[in-house]
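Every chain is numbered from 1 and lettered A, B, ... according to where its sequence line falls, protein lines coming before strand lines.
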Amino acid sequence: NAGVTQTPKFRILKIGQSMTLQCTQDMNHNYMYWYRQDPGMGLKLIYYSVGAGITDKGEVPNGYNVSRSTTEDFPLRLELAAPSQTSVYFCASSRTRENTEAFFGQGTRLTVV
Amino acid sequence: AQKITQTQPGMFVQEKEAVTLDCTYDTSDQSYGLFWYKQPSSGEMIFLIYQGSYDEQNATEGRYSLNFQKARKSANLVISASQLGDSAMYFCAMREGRRVTGGGNKLTFGTGTQLKVEL
């Protein structure tokens with residue numbers, strides 16, 4: 001079972017560069033999420049999607065963009081990377097029912113220098 | 001105000017002992033869910049246990065149990081018979097109902113408790 005797959009696992013970006021973090025899930029979940037985890041902190045929601053073609057902002061969306069063209073894929077785009085975006089990024093997915101847990105990918109460790 | 005508060009940055013426990021990790025939450029919603037996740041040093045997020053706001057019984061999953069006190073708005077995780085492999089960061093998270101969040105089953109996380117199990 002693949003579950004939620006994120007690529008890449010590690011990346012170093014220079015200030016001002018752009019990149020896309022890839023996320024795909026094979027559980028046919030409608031809901032998908034992007035979180036970031038800063039050192040010593042909990043996870044904060046960047047963007048989420050309740051289905052293909054529908055996305056919405058979370059708590060910390062500035063500097064990011066997302067798209068959801070298929071149920072399986074939910075890429076996160078960083079434009080003009082800044083040191084403040086150095087973090088670990090987690091993609092997650094869940095079923096529609098509210099009492100079900102979210103399944104997380106392995107995370108992407110991003111450093112902006 | 002923080003919605004999820006974990007006041008213990010770090011905890012130590014002896015192997016085979018029980019340990020309680022504290023979590024308090026704040027919500028105006030009547031319908032919500034509480035989750036605990038484990039994050040080992042390898043970094044992945046592992047789901048442990050879930051408690052719904054309307055569940056009358058405390059949730060249990062193997063060695064994990066959730067001490068849910070609704071009036072106090074607390075959802076403490078109890079790990080019985082601690083093992084060395086339990087050493088990890090533990091996060092409490094809450095999912096509020098559609099009336100508060102507009103839907104999407106979004107989770108709000110606490111800052112975590114680092115648990116170290118000692119011989």
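- Only the backbone of A/Thr96 comes within contact range of chain B, with heavy atoms under 4.5 Å apart.
- Between the side chain of A/Thr55 and the backbone N or O of A/Tyr48, no donor-acceptor pair lies under 3.5 Å.
- The backbone N or O of A/Met41 lies less than 3.5 Å from a partner atom in the side chain of A/Gln37, making a donor-acceptor pair.
- Counting heavy-atom pairs closer than 4.5 Å to chain A, the top residue among B/Gln114, B/Met45, B/Glu44, B/Met89 is B/Met45.
- Looking at B/Tyr32, neither its backbone nor its side chain comes within 4.5 Å of chain A, counting heavy atoms on both sides.
- For B/Gln39, the part lying under 4.5 angstrom from a heavy atom of chain A is the side chain only.
- Note on A/Glu79 versus A/Arg77: salt bridge recorded, some NZ/NE/NH1/NH2 to OD/OE distance being below 4.0 Å.
- A/Tyr33 and A/Phe104 have their aromatic ring centers separated by at least 6.0 angstrom.
- Contact check on B/Arg63 versus B/Asp86 returns a salt bridge, with a Lys/Arg side-chain nitrogen under 4.0 Å from an Asp/Glu carboxylate oxygen.
- At a 4.5 Å heavy-atom cutoff, the contact between A/Leu45 and chain B is made by side-chain atoms alone.
- Using the six-membered ring where Trp is involved, B/Phe109 and B/Phe91 have ring planes that are perpendicular, over 60° apart on the 30 and 60° scheme.
- With a 4.5 Å cut-off on non-hydrogen atoms, A/Arg109 does not touch chain B at all.
- Options A/Glu59, A/Glu101, A/Gln106 differ in how many heavy-atom pairs under 4.5 Å they form with chain B, and the most are formed by A/Glu101.
- In this structure, no portion of B/Thr108 lies under 4.5 Å from any heavy atom of chain A.
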